[in-house]
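As the structure is a computational prediction, the values presented were derived from the model and not from experiment. In what follows, residues are counted from 1 in the order of the sequence shown.
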Amino acid sequence: MNGGCRAGWFMWSLLWGELRAAAGPTRLRCRSAAFLSRGGGGAVPPGPACGDPPGHMERAVVRCVPSEPKMSLWFVLCDGSAKHMQRDQTEPLGRALARIATNAGKGHAKAAKKSKKARAEAGPAGEPVPTAPLAVRLFSRDGESVAEDVSNAEAWQDGAVLQIGEVKYQVERNPPSVIELQLPRSLLAGFPVCPKIHTEFGAPQHCLFRWYREQPGGGGDEPSPGSDIWVEAPVRDRVFTPTNAHIGLRLKLHCTPGNSQQRYGLPREVESSGPVEAGPGACTFDSRHLYTKKVSGEGLIRTVSYNVLADIYAQTEHSRTVLYPYCAPYALELDYRQNLLKKELAGYSADLICLQEVDKSVFADSLAPALDAFGLEGLFRIKEKQHEGLATFYRRDKFSLLSEHDIAFNEALVSDPLHKELRDKLAPYRLAQEKVLQRSSVLQVSVLQSTNDPSRKICIANTHLYWHPKGGNIRLIQIAVALSHIRHVTCDLYPGIPVIFCGDFNSTPSTGMYRFINSGSVAEDHEDWVSNGEEERCNMSLTHPFKLQSACGEPAYTNYVGGFHGCLDYIFIDINALEVEQVIPLPSHEEVTTHQALPSVSHPSDHIALICDLKWK
């Protein structure tokens, strides 16, 4: 079974469980309230019993995807039993109808056998009186009987009517459905709760949401955790921010999947695994949010660059005891830091966000779902042989993605003809060459197009250079590869488009790397070529054609830990096409050092986000 089939089977297995639950223990009623849920966020009234007036139709749900060999069919029989069938898409309809008739007949016989009336009418051997086979037919939405030699894939169309005996079912082909619905494990008062939602035949932005909290006990004064009494919150948004009144209470989310045609499918519910806990109080980013309450206007591009501290680096004994001994252990835990990070990023109302040190699982399970709820689309590039990498997010209503051009520096240097000149320059320096090729650093490059003005395209580059304090020579080689690749994208593939280059460059303003980007060249006698001693010397002159400058200037620091503070992060912009409208002030020194250094209970990373509003010239 291929990946698509497995995913589809898993999702419909969940639906099958929901449908069986909807059928319930009462076997003699033809109803499936949850299964029949429609728009408006709530369920329609329960389906009728078998003797209800004509005209009402139950739902028969069909999942039929061209890339898969089988189709699936779900419906609830009149005895209350839910039926799930897998049939070949190429099979003639008549065979599927015959199987439905057999299944329906078995259900009817079981119900008759259990009824007192059937036993009273039974013969001497105690066997029920045989019942006539149920007629099963399929009608098109125009009311015409569908020929039995038509294939299943063609026959089971949306709006068709399946008739089993006297009961009619409206066929719904590929209605929106929820594949996955999760709430974060950690919930903090004052911090947004962003569910992880995957849908099929729908989209999260078209789903309907209802939020509930546990009913407090004791007349409403004290929480009663674990109670099954839920009170609906006055929020119908995808994101819910609990207040101090919710502390000690669990949350529940009711999600009805939908699509752009306002078609709705079977709802799903999920309850939080634990209660809402108290938040940390004031955070370092609260004052910055005062400048970014609204999304920037037309022609402006609010850009964020941020090293968010990968969990694989925060959750080590070395981190807890050597790097960040001043940080409370719970504040280094992933769930806690993700609460802070999601609130921080959402509050910047950014158009572009470039992140470094993003764990693969954090991107998929936390950041991408959360920022998607705030209108941002995410792209991820993992480092070679690592569990973390780079993420770029862009605002969907301002930009669309044209193409991606990511590279690993070591692979590009070895194999890409673009870098032959640099490769030849580096060849005589074996030790330096070997170290460059051992590094797993990558460059993420995305070309975006303005949705308001399609003539405006822009190249967004994101990177995280080699970290070692003595690695200045390695960083010079890496940035040379990066700028050569960006030149290819902005001159050869998309001639004339400007660039925004974000990242953690692990270089202060006094280094050769910074000078190279800012001035366009670095001399072969620059001291960084011997940053790790004579043995790794690799003298060469480098140039690039761009006019780049740091949009946020040269802050005193963007990284503040116990043993170091300095400016390592930058947003470089093409000054031929872009200019700075405003720079969002960094947190004050007092805010940064409230808990000695970073990270802390009020700041999720050891770096500080850079934020600026850019505008086209």
Looking at Lys617 and Ile575, would you say the former's side chain and the latter's main chain have a donor-acceptor pair under 3.5 Å?
yes

Taking Tyr394 as the fixed residue, which of Leu352, Ile301, Asp351 is the one that meets the side-chain contact (heavy atoms from CB on, under 4.5 Å) rule?
Leu352

Residue list, ring pair (Phe, Tyr, Trp, His ring centres under 6.0 Å) with Tyr466, at least two apart or on another chain:
none

Distance-only polar pair, side chains of Glu591 and Thr284, donor-acceptor under 3.5 Å:
no

Donor-acceptor check, side chain of Trp616 to backbone of Ala577, threshold 3.5 angstrom: yes or no?
no

Between the side chains of Ser550 and Asn518, does any donor sit under 3.5 Å from an acceptor?
no

Taking atom types as modelled, is there a side-chain donor on Asn559 or His565 under 3.5 Å from an acceptor on the other?
no

Side-chain contact test, heavy atoms from C-beta onward, threshold under 4.5 Å: evaluate it for Asn452 versus Asp397 and give yes or no.
no

Could you list the residues that satisfy ring pair (Phe, Tyr, Trp, His ring centres under 6.0 Å) with Tyr348, not counting sequence neighbours?
His289

In a check of salt bridge (Lys or Arg N to Asp or Glu O under 4.0 Å) between Asp372 and each of Arg396, Arg395, Lys196, which one passes?
Arg396

Do any side-chain atoms of residues 413-420 form donor-acceptor pairs under 3.5 angstrom with protein atoms, and if so which ones, sequence neighbours left out?
from, atom 1, to, atom 2, distance (Å)
Ser415, OG, Glu411, O, 2.7
Asp416, OD1, Leu418, N, 2.9
Lys420, NZ, Asp424, OD2, 2.8

Does Asp359 reach the main-chain N or O of Glu388 with its side chain, forming a donor-acceptor pair under 3.5 Å?
no

Expected output: side-chain Asn462 to main-chain Ala391 donor-acceptor under 3.5 Å:
yes

Kindly indicate whether the side chain of Leu332, heavy atoms from C-beta on, has any atom under 4.5 Å from the side chain of Asp311.
no

Name the orientation class of the two ring planes belonging to Phe572 and Tyr514 (parallel below 30°, tilted from 30 to 60°, perpendicular beyond 60°).
tilted

Side chains of Ser403 and Tyr494, donor plus acceptor under 3.5 Å:
yes

Using only heavy-atom distances, determine whether the side chains of Asp504 and Gln356 contain a donor-acceptor pair under 3.5 Å.
no

Under 6.0 Å between ring centres, would you say that holds for Phe363 and Phe380?
yes

Report the C-alpha separation of Lys398 and Ser296 in whole Å, then their side-chain angles, then the decisive distance to 0.1 Å, and conclude whether the side chain to side chain donor-acceptor pair (under 3.5 Å) test is met.
CA-CA 10 Å; Lys398 278 196 173 185; Ser296 62; 2.8 Å; yes

With no hydrogens and no angle check, is any side-chain donor or acceptor of Asn259 less than 3.5 Å from a backbone partner on Pro176?
no

Could you give the side-chain donor-acceptor pairs of residues 479-488 under 3.5 Å, partners two or more places apart or in another chain?
from, atom 1, to, atom 2, distance (Å)
His485, NE2, His405, O, 2.7
Arg487, NH2, Asp492, OD2, 3.2
His488, ND1, Asp492, OD2, 2.9

For the backbone of Ala310 and the side chain of Glu357, can you confirm whether one donor and one acceptor N or O come within less than 3.5 Å of each other?
yes

Indicate the atoms forming the closest heavy-atom contact of Ser541 with Glu524, along with that distance.
N-CB, 3.6 Å

CD/Gln438: more than 12 non-hydrogen atoms of other groups inside 6.0 Å
yes

Examine the side chains of Tyr291 and Gln582 and answer whether a donor and an acceptor come within less than 3.5 Å of each other.
no

As a quick check of understanding, evaluate side-chain contact (heavy atoms from CB on, under 4.5 Å) for Val358 and Leu367, giving each step before the final call.
CA-CA 9 Å; Val358 180; Leu367 291 180; 4.1 Å; yes

Side chains of Thr316 and Ser319, donor plus acceptor under 3.5 Å:
yes

Taking every non-hydrogen atom, the tightest pair across Gly279 and Leu188
CA-CB, 4.3 Å

If we ignore angles and hydrogens, is there a donor and acceptor under 3.5 Å between the side chains of Gln386 and Glu384?
no

Once rounded to the nearest 0.5 Å, what's the spacing between atom CG of Asp569 and atom SG of Cys354?
11.5 Å

Any heavy-atom pair between the side chains of Phe564 and Val561 that's under 4.5 Å?
yes

Within 45° of the six-membered ring axis of Phe191 and under 6.0 Å from that ring's centre, is NZ or CZ of Lys343 located there?
yes

Measure across Cys538 and Leu426 and return the closest heavy-atom pair with its distance rounded to 0.1 Å.
CB-CD1, 4.4 Å

Applying salt bridge (charged side-chain N to carboxylate O under 4.0 Å, His left out), name anything that partners Arg263, two or more places apart in sequence or on another chain.
Asp158

OG of Ser366 to CZ of Arg337, rounded to nearest 0.5 Å, is 10.5 Å

Inter-residue atom distance Glu377.CD - Leu448.CG, 0.5 Å rounding:
11.0 Å

When rounded to the nearest 0.5 angstrom, what distance separates CE in Met513 from CD in Gln478?
10.5 Å

Tell me whether His544 contacts the main-chain N or O of Phe516 through its side chain, where contact means a donor paired with an acceptor under 3.5 Å.
yes

Judged by atom type as modelled, is there a donor-acceptor pair below 3.5 Å linking the side chain of Thr508 to the main-chain atoms of Gly566?
no

I'd like to know if the side chain of Arg475 and the backbone of Asn506 have a donor-acceptor N/O pair within less than 3.5 Å.
yes

Which pair of heavy atoms, one from Trp211 and one from Leu253, lies closest together, and at what distance?
CE2-CD1, 3.6 Å

Ser455 side chain to Asp453 side chain, donor-acceptor N/O pair below 3.5 angstrom
yes

Centroid-centroid distance, His589 to Tyr560, less than 6.0 Å:
yes

To the closest 0.5 Å, what do you measure between CG (Asp406) and OG1 (Thr463)?
10.5 Å

Mind checking whether Val239 and Phe374 have side chains closer than 4.5 Å, heavy atoms only?
yes

Does any non-hydrogen side-chain atom of Thr392 lie less than 4.5 Å from one of Ile353?
no

Modelled atom types, side-chain donor and acceptor of Ser186 and Asp335, under 3.5 Å
no

If you look at every heavy atom in Pro257 and Pro267, which pair is closest and at what distance?
CD-CA, 4.0 Å

Would you call Pro599 and Ser605 a side-chain contact if the rule is heavy atoms closer than 4.5 Å?
no

Residues Cys459 and Thr490: closest non-hydrogen pair is CB-CG2, 3.6 Å

Between Asn473 and Ser531, is there a side-chain donor-acceptor contact under 3.5 Å, judged purely by atom types and distance?
yes

By ring pair (Phe, Tyr, Trp, His ring centres under 6.0 Å), Tyr306 pairs with (sequence neighbours left out) none

Report the distance from atom NZ of Lys383 to atom CD of Gln444, rounding to the nearest 0.5 Å.
12.5 Å

Arg302 vs Val295 side-chain heavy atoms within contact, under 4.5 Å:
no

What I'd like to find out is whether the side chain of Arg288 reaches to under 4.5 Å of the side chain of Pro587, using heavy atoms alone.
yes

With a cut-off of 6.0 Å (strictly less than), are more than 12 heavy atoms of other residues, nucleotides or ligands near NE2 of His387?
no

